[in-house]
Amino acid sequence: YISTNQQYSSLNTYKNILEQVEYVFNDEQGSGFGKEITDFFLALNDIILNPDDISARTAFISKAKALVGRIRDSYKVLTEIRTNAIERLHNVVDVLNDKLSALAEVNENIRFFGDAPERLNQYLDRRDRLIKEISSLVDTKIVFNDDGTVNLYTAKGFPLVMEDRSYPIEVKLESADDPRVYATSVDITENFENGEIGGILKGVRFLNEVIDRLNTFTKTFANKINEIHETGYNLYGETNVAFFVADNGAVNIDASNIALAFEDPKKISAAKLSTNIPADNEKAKELLALQDQTFSELSDMSFQEFYASKLNAYVGSELQHIKEVTKDTKFLLESAEEKLKEISGVNLDEELINLTKYQRAYEAAARVSL
């Protein structure tokens, strides 16, 4: 039961985090940005047809702003989910430490009341409840001692409770995206696979991977657009003008800072040469051609392919897999719980039969005495 409870708690916690991440890239519910990628390139067609058409240029600026907004919103939501997960990790560790302290106290009382069966049974029941609760929080190994007390360890053998002493664990943030768990000043983060703590840590690692992929997409997209745009000419006759910039002054563009370098539609560099700018659409054609190109930075995929497979499908397939495993593990947990009740529970039918038998025996004895 304890082993399965640890697994289920971890899986269920991880699943809940994945469900939040899935919504960020759920195009069916309108929360992804696959459509905005397509619209960005489609808007270039009107500029190609009429390079000096201000309305076509304004529409392209609008589509670019929509894409940038979705990218930045995605980054914001993902980092908020991560922040909430890390805060939850702190809270769960606090709860765990309280329960470890309570179990150490129960151990002390089990020894003290070893010769008082009624009081001893109360503490043994409390011991079992605490073990169940602790196993839902942390990946732990339990040793039952001959006197009824228990010793608890992490999965890799670091002590949590030894006799009447508990050893609290703590969370430290090495950086905003890297929570570390310590026991007796030793980093044991990688030890945790199960329990709610293990599920949260897996969720944070997954979030970090998704955020890294989003940043990779954004950086590559912005750089490839800029490389072409900066070599063209706008309606003012200017060249070497970037289309995307980092709005916080950073050198590199990513999902947290991507922004349009301008909103003036005349600044779009659609021309390749400076000789016939109003009618020149060659740079606009080059920008549109990026839609179907593949890039080594994106695992030899196009922008749309990378978004679809490395973000959208990546999150969806992981969630689907975890949902199935969680369902199976829940079934095993319920089965183990039922078996545990059969072994340790009270059979009410049997107790009723015994009560009736004792009552009849008492009545018979009473008649004999009369």
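Here, residue 1 is the first one in the sequence, and each next residue gets the next number. Here the structure is a predicted model, which means the values were calculated and not measured.
- The shortest side-chain heavy-atom distance between Ile47 and Asp53 does not fall under the 4.5 Å cut-off.
- For Lys285 and Asp280, the salt-bridge test fails: no basic side-chain N is under 4.0 Å from an acidic carboxylate O.
- Looking at Arg111 and Asp147, a side-chain N of the basic residue comes within less than 4.0 Å of a carboxylate O on the acidic one, giving a salt bridge.
- Using a 4.5 Å heavy-atom cutoff, the side chains of Phe306 and Phe221 are not in contact.
- Put simply, the side chain of Arg70 does not reach to within 4.5 Å of the side chain of Lys35, judged on heavy atoms.
- Remark: Glu190 engages Arg180 in a salt bridge, criterion side-chain N to carboxylate O under 4.0 Å.
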Would you please test Glu238 and Lys267 for salt bridge (Lys or Arg N to Asp or Glu O under 4.0 Å) and show each step?
CA-CA 8 Å; Glu238 299 170 333; Lys267 282 184 170 289; 3.1 Å; yes

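- For the pair Tyr167 and Val161, the tightest heavy-atom approach, listed with the atom from each and the gap, is CD1-N, 4.4 Å.
- Using a cutoff of 4.0 Å between basic side-chain nitrogens and carboxylate oxygens, Glu324 and Lys327 are not scored as salt-bridged.
- In Glu174, the CD atom is crowded: over 12 heavy atoms of neighbouring residues, nucleotides or ligands sit closer than 6.0 Å.
- Annotation: ring-ring contact (aromatic ring centres under 6.0 Å, His included) contacts involving residues 50-74, sequence neighbours excluded, comprise Phe40-Phe60, Phe60-Phe243.
- Annotation: Phe113 is in aromatic contact with Tyr123 [ring centroid separation under 6.0 Å].
- Between Glu19 and Lys15 there is a salt bridge, since a side-chain N of the basic residue sits under 4.0 Å from a carboxylate O of the acidic one.
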I would like to know whether Tyr236 and Asp264 meet side-chain hydrogen bond (donor to acceptor under 3.5 Å, both in side chains); could you show each step before the answer?
CA-CA 11 Å; Tyr236 294 113; Asp264 182 352; 2.7 Å; yes

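- For the residue pair Ser299 / Lys310, no side-chain donor-acceptor distance below 3.5 Å is found, with atom types taken as modelled.
- Within a 6.0 Å sphere centred on CG of Asn248, other residues, nucleotides and ligands contribute more than 12 heavy atoms.
- A salt bridge is absent between Glu297 and Lys219: the closest approach of a Lys/Arg side-chain nitrogen to an acidic carboxylate oxygen does not fall below 4.0 angstrom.
- Below 30°, between 30° and 60°, or above 60°: for Phe41 and Phe303 the angle between ring planes is below 30°, a parallel geometry.
- Side-chain contact, Gln291 with Ser302: no donor N or O sits under 3.5 Å from an acceptor N or O.
- Contact of the Ile169 side chain with the Ile197 side chain is registered, since non-hydrogen atoms from C-beta on lie closer than 4.5 Å.
- A donor and an acceptor atom, one from each side chain of Lys141 and Thr154, are nowhere located under 3.5 Å apart.
- With a 6.0 Å radius and a threshold of 12 heavy atoms from other residues, nucleotides or ligands, Glu209 has its CD atom above the threshold.
- With a 6.0 Å radius and a threshold of 12 heavy atoms from other residues, nucleotides or ligands, Lys272 has its NZ atom at or below the threshold.
- A donor-acceptor distance shorter than 3.5 angstrom exists from the side chain of Asn5 to the backbone of Lys132, with no hydrogens or angles considered.
- Leu78 is not listed as a side-chain neighbour of Arg82, based on a closest heavy-atom distance of 4.5 Å or more.
- Between Asn312 and Asp27, the side chains place a donor N or O and an acceptor N or O closer than 3.5 Å (distance only, hydrogens not considered).
- Using cut-offs of 30° and 60° for the angle between ring planes, the Phe25 and Tyr307 rings count as perpendicular.
- Scanning all heavy atoms of the two residues, the minimum distance from Val210 to Val315 falls at CG2-CG2, 4.1 Å.
- The closest side-chain heavy-atom distance from Gln7 to Asn12 is not below 4.5 Å.
- Sparse packing is recorded around CZ of Arg165, with 12 or fewer heavy atoms of other residues, nucleotides or ligands lying under 6.0 Å away.
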